[in-house]
Structures are given as C-alpha cells and as structure tokens.
Amino acid sequence: MRSNDESYEPLTVAGLGALLAGADEARRWRLVAEFLEEYRWEPEQERAALLEQEPAVTGDEHWDVFLAALTEHLATKDGRGAPAWVEARSLRRFWFPFNTRAARVDAVVHAPAAFRRRGVYVSPQELNVA
C-alpha cells in the first residue's frame, strides 16, 4: 500500500521483469495482466517511456524473450519502433505458454508477429486476458 506522499508511477517493462523473477507461472500471468492494464490506461505519448529500459534477466529464458516480444508488440501497436534492446532476445526452440492442442493451433495461426519471430507462440486473446 502506498502512503499519501507517494505519487503513482506506472509499471515499466523493466519493473515487470524484476517482478517476474522467481514468481510462479500463475503469478507471472497476473503480473503481465496488471502491466497491460496499466499500459492501456497511460496516455499514448507516455507509453514509450514504459518500454525503454531493458529488463534484467528473470532466470527463465522464455520469459526474458516474452518481455522483448511484448515490448515490440506494444510499441508497434502504438505506431512506434521498439527499443533496440529487444533485438538480442529470441528462442531457439518454440515456446507455447498455453500448451493445449487448441491453444497451440490458435497461437500458430494468430500469434502477433513480434512473438512469432522470437519463437513465442501466444494468441492475441491470451494477451488480452493474461
């Protein structure tokens, strides 16, 4: 809980990365959902600042790459280029965070480009309700 003298600061992708380190999968998805909700509410001209700083490694390569894909995806949706740090992160083997037959098919067909090119297969609706 914040004290009255603290001002609100939206979560950055670097801050999200720090919170993901050591968290279990369910908590990670809740944190991603919270980040996305805060991001959506921020004025568009202030969103780029939330994506600029490179997150430290989380201890899980899948999530490190997920953060890069998410950053590029959000920047692209806002009509901006992604920060340079995202280019260094990709997987050698595909990752399906939601690994059921239906989720895999949906992700292969509908995964946003920023995720596909890094080997992370997640459907857009999973990002909307993450």
Side-chain angles (χ1 to χ4, degrees):
M1 178 181 241
R2 297 175 194 246
S3 66
N4 290 337
D5 61 340
E6 290 184 47
S7 62
Y8 167 77
E9 291 290 327
L11 186 61
T12 65
V13 74
L16 174 60
L19 293 172
L20 295 178
D24 64 32
E25 289 297 298
R27 176 136 174 83
R28 286 178 171 173
W29 287 111
R30 284 192 305 277
L31 291 166
V32 168
E34 287 178 29
F35 171 78
L36 288 170
E37 185 67 18
E38 288 186 21
Y39 186 87
R40 288 180 190 118
W41 280 98
E42 283 300 300
E44 193 170 322
Q45 66 274 14
E46 295 178 26
R47 290 178 181 170
L50 302 179
L51 306 176
E52 289 175 2
Q53 185 181 356
E54 181 175 8
V57 295
T58 64
D60 184 329
E61 182 184 25
H62 294 122
W63 284 95
D64 296 337
V65 174
F66 178 90
L67 291 173
L70 181 64
T71 297
E72 180 181 344
H73 176 70
L74 293 172
T76 300
K77 282 179 67 172
D78 285 344
R80 291 188 312 275
W85 66 263
V86 304
E87 293 305 318
R89 296 185 183 199
S90 64
L91 296 172
R92 291 185 192 151
R93 294 186 59 174
F94 297 150
W95 178 45
F96 293 86
F98 299 94
N99 200 7
T100 65
R101 181 180 293 201
R104 286 174 71 99
V105 169
D106 192 36
V108 166
V109 173
H110 299 290
F115 288 88
R116 276 194 322 268
R117 70 188 205 91
R118 287 184 173 74
V120 178
Y121 283 84
V122 61
S123 72
Q125 53 274 32
E126 289 163 340
L127 293 173
N128 289 334
V129 297

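All values below come from the heavy atoms of this structure, side chains included, with hydrogens, waters and symmetry mates left out. This structure is a prediction, so every number in the text was calculated from the model and none was measured.
- Considering only residues two or more places apart in sequence or on other chains, Ala26 meets the side chain to side chain contact (heavy atoms under 4.5 Å, CB included) condition with Asp24, Arg30.
- Under the ring pair (Phe, Tyr, Trp, His ring centres under 6.0 Å) criterion, the residue pairs touching residues 70-89 are His73-Phe115, with sequence neighbours excluded.
- Cluster annotation: Leu16 and Leu127 are assigned to the same hydrophobic cluster (Ile/Leu/Val/Met/Phe/Trp/Tyr, side-chain heavy-atom contacts under 4.5 Å, transitive).
- Other residues, nucleotides and ligands contribute at most 12 non-hydrogen atoms within 6.0 Å of the CD atom of Gln53.
- The side chain to side chain contact (heavy atoms under 4.5 Å, CB included) search around Gln45 returns Pro43, not counting sequence neighbours.
- When all heavy atoms are compared, the tightest approach of Pro97 to Val120 is CG-CG1, 4.4 Å.
- Taking all atoms of both residues into account, the shortest heavy-atom contact from Ala75 to Ala82 is CB-CA, 3.9 Å.
- Applying the ring pair (Phe, Tyr, Trp, His ring centres under 6.0 Å) criterion to Trp95, with sequence neighbours excluded, gives His62, Trp63.
- To the nearest 0.5 Å, atoms CZ (Arg47) and CD (Glu44) are separated by 5.5 Å.
- Taking CG of Leu50 as the reference point, atom CG of Asp78 lies at 10.0 Å (rounded to 0.5 Å).
- When all heavy atoms are compared, the tightest approach of Pro83 to Thr71 is CD-CG2, 3.6 Å.
- How far OG1 of Thr12 is from OH of Tyr39: 12.0 Å, rounded to the nearest 0.5 Å.
- The list of salt bridge (Lys or Arg N to Asp or Glu O under 4.0 Å) pairs with a residue in residues 66-77, not counting sequence neighbours, reads Glu72-Arg117, Glu72-Arg118.
- Under the 4.5 Å side-chain contact rule for hydrophobic residues, Trp29 and Tyr121 do not share a cluster.
- Under the salt bridge (Lys or Arg N to Asp or Glu O under 4.0 Å) criterion, the residue pairs touching residues 52-63 are Arg28-Asp60, Glu54-Arg89, with sequence neighbours excluded.
- Residues Gly17 and Pro55 share a closest heavy-atom pair of CA-CB, 4.2 Å.
- In the hydrophobic clustering (ILVMFWY side chains linked at under 4.5 Å, chained through shared members), Val57 stands by itself.
- A continuous path of hydrophobic side-chain contacts links Leu67 to Val32 [ILVMFWY only; heavy atoms under 4.5 Å].
- Separating the CZ atom in Phe35 from the CG atom in Leu74 is a distance of 6.0 Å, to the nearest 0.5 Å.
- Around CZ of Arg80, the count of heavy atoms belonging to other residues, nucleotides or ligands within 6.0 Å exceeds 12.
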Would you list the atom pairs, donor with acceptor, under 3.5 Å between side chains in residues 103-111 and any protein atom, with sequence neighbours excluded?
unit_1: Arg104; atom_1: NH1; unit_2: Asn99; atom_2: OD1; d: 2.8
unit_1: Asp106; atom_1: OD2; unit_2: Ser123; atom_2: OG; d: 3.3
unit_1: Asp106; atom_1: OD2; unit_2: Gln125; atom_2: NE2; d: 2.7

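- Looking at residues two or more places apart in sequence or on another chain, you find a side chain to side chain contact (heavy atoms under 4.5 Å, CB included) between Leu19 and Leu11, Leu31.
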